[in-house]
Amino acid sequence: WMFNKSSYFADATQRVVWSNPQVDYNNRSPTANNALINKRERTRKEEQQLAANLSQDYGVFFFFRSDCPYCHEQAPVLKYMQTIYGLPVIPISMDGGRLPEYPSPRADNGISMMVSQGQGVNTFPAIYLVEKKTKQSYPLGTGMVPLDEILSRIRVLTQTQPGQEF
């Protein structure tokens with residue numbers, strides 16, 4: 001009896017979805033391989049364009065320690081992002097050291113407290129997006145974060161609201 005009822009419910013639900021496109025999730029997020037590939041490519045291009053457009057109003061703070069292996073891996077990614085998209089990266093050394101990509105970093109003179117709402121930055125590397133005019137900061141991540149993920153997070157944080165589908 002339960003199996004028959006659940007089968008009937010599944011069938012009825014599928015028929016409702018087919019006849020009401022507004023409730024069909026496949027219309028917002030396709031599952032077909034070619035559609036997924038095309039959607040990812042469109043999103044990637046939008047994220048790249050957005051990063052270039054935001055370069056006038058935002059910057060990226062890169063908190064690092066010179067003895068941190070992941071900081072050494074993150075630095076070339078951020079340097080590349082800055083070169084390609086023009087999004088300025090401000091390197092901030094938490095131990096007074098340097099990285100090959102950033103031979104003249106800034107010392108932390110309270111910047112880490114400002115971007116972290118008084119919590120301080122304790123995990124490295126740490127990346128924050130900061131709006132130049134308002135000084136509003138958005139944590140982009142800690143640890144090694146790949147470029148495509150950084151761009152995706154920038155899009156989500158600057159173009160969507162919490163709970164909004166992205």
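Values in this document were obtained by computation on a predicted structure and should not be read as measured data.
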Point to revise | Shared hydrophobic cluster for Val121 and Leu129 (ILVMFWY, side-chain gaps under 4.5 Å) | key: no
Check your understanding: Closest approach of Gly141 and Arg153, non-hydrogen atoms and distance?
Key -> CA-NH1, 3.5 Å
Practice item. Check side chain to side chain donor-acceptor pair (under 3.5 Å) between Thr142 and all other residues, then give those that pass, not counting sequence neighbours. Key: none
Check your understanding: In chain order, what residues pass the side chain to side chain contact (heavy atoms under 4.5 Å, CB included) check against Ile90, with sequence neighbours excluded?
Key -> Phe61, Ile92, Arg106
Exercise for review: Show the numbers, then the answer: is there a side-chain contact (heavy atoms from CB on, under 4.5 Å) between Ile154 and Glu47?
Suggested key: CA-CA 8 Å; Ile154 288 172; Glu47 290 169 351; over 6 Å; no
**Study point:** Cationic N near anionic O, under 4.0 Å, Glu46 to Arg42
**Key:** no
Review point. Can Ile150 and Val60 be said to form a side-chain contact (heavy atoms from CB on, under 4.5 Å), step by step?
Key: CA-CA 10 Å; Ile150 293 170; Val60 173; 5.9 Å; no
Exercise for review: Look at the side-chain heavy atoms of Ile, Leu, Val, Met, Phe, Trp and Tyr, link any pair under 4.5 Å apart, and say whether Tyr58 and Leu78 land in one connected group.
Suggested key: yes
**Study point:** Spacing of Asp57 atom CG and Lys133 atom NZ [to the nearest 0.5 Å]
**Key:** 6.0 Å
Study note, to complete from the structure: Apart from Phe9 itself, its cluster of hydrophobic side chains linked below 4.5 Å comprises none
Practice item. Would you mind reporting whether Gln82 and Val89 have side-chain heavy atoms less than 4.5 Å apart? Key: yes
Point to revise | Spacing of CG belonging to Asn38 relative to OG1 belonging to Thr43, to within rounding of 0.5 Å | key: 10.5 Å
Revision key, fill the gap. Of all heavy-atom pairs linking Pro105 and Gly97, the shortest is CG-O, 3.5 Å
Point to revise | Single-linkage hydrophobic cluster, 4.5 Å side-chain cutoff, Met94 and Phe64 together | key: no
Practice item. Please list, chain by chain and in numerical order, all residues satisfying side chain to side chain contact (heavy atoms under 4.5 Å, CB included) with Leu157, sequence neighbours excluded. Key: Tyr138, Leu140
Check your understanding: Taking all atoms of both residues into account, what is the closest heavy-atom pair of Pro76 and Glu101, and its distance?
Key -> CG-OE2, 3.3 Å
Exercise for review: Kindly write out the residues that satisfy side chain to side chain contact (heavy atoms under 4.5 Å, CB included) with Ala51, not counting sequence neighbours, or none if the list is empty.
Suggested key: Tyr85, Leu151
Point to revise | Of all pairs that satisfy side-chain hydrogen bond (donor to acceptor under 3.5 Å, both in side chains), the ones with a partner from residues 123-132, not counting sequence neighbours | key: Glu131-Thr134
Point to revise | Those residues that, when tested against Asn33, pass side chain to side chain donor-acceptor pair (under 3.5 Å) (two or more places apart) | key: none
Point to revise | Heavy-atom pair with the smallest gap, counting every atom of Phe63 and Phe124 | key: O-CD2, 3.8 Å
Point to revise | Arg98 versus Pro103, closest heavy-atom pair with distance | key: NH1-O, 2.8 Å
Practice item. Kindly compute the distance separating OG (Ser7) from CE (Met2), expressed to the nearest 0.5 Å. Key: 12.5 Å
**Study point:** Listed partners of Arg44 passing side chain to side chain donor-acceptor pair (under 3.5 Å), at least two apart
**Key:** Glu41, Gln48
**Study point:** Step-by-step side-chain hydrogen bond (donor to acceptor under 3.5 Å, both in side chains) determination, Asp95 to Ser93
**Key:** CA-CA 6 Å; Asp95 64 355; Ser93 176; 3.1 Å; yes
Point to revise | More than 12 heavy atoms from other groups under 6.0 Å of CD on Gln56 | key: no
Review point. His72 side chain to Leu99 main-chain N or O, any donor-acceptor pair under 3.5 Å?
Key: no
Exercise for review: Looking only at non-hydrogen atoms, find the nearest pair between Gln74 and Pro125 and report the distance.
Suggested key: CB-CG, 3.9 Å
Practice item. List, by chain and then residue number, the residues other than Val17 in its hydrophobic cluster (Ile/Leu/Val/Met/Phe/Trp/Tyr, side-chain heavy atoms under 4.5 Å); write none if there are no others. Key: Val23
Point to revise | Shared hydrophobic cluster, Val77 / Leu54 (ILVMFWY, side-chain heavy atoms < 4.5 Å) | key: yes
Check your understanding: In chain order, what residues pass the side chain to side chain contact (heavy atoms under 4.5 Å, CB included) check against Asn34, with sequence neighbours excluded?
Key -> Ala32
Show the atom names and distances, to 0.1 Å, of all donor-acceptor pairs under 3.5 Å that link a side chain in residues 111-120 to residues at least two apart or in another chain.
| from | atom 1 | to | atom 2 | distance (Å) |
| --- | --- | --- | --- | --- |
| Ser112 | OG | Asp108 | OD1 | 3.4 |
| Ser112 | OG | Asp108 | OD2 | 2.7 |
| Ser116 | OG | Ser112 | O | 2.6 |
| Ser116 | OG | Gln119 | N | 3.4 |
| Ser116 | OG | Gly120 | N | 2.7 |
| Gln117 | NE2 | Ser137 | OG | 3.4 |

Point to revise | Partner set under side chain to side chain donor-acceptor pair (under 3.5 Å) for Ser104, not counting sequence neighbours | key: none
Review point. According to a 4.5 Å side-chain heavy-atom criterion applied to Ile, Leu, Val, Met, Phe, Trp and Tyr, with indirect links allowed, do Tyr102 and Leu147 form part of one hydrophobic cluster?
Key: yes
Exercise for review: Answer yes or no: is there a donor N or O on one side and an acceptor on the other, between the side chain of Ser19 and the main chain of Arg15, under 3.5 Å?
Suggested key: yes
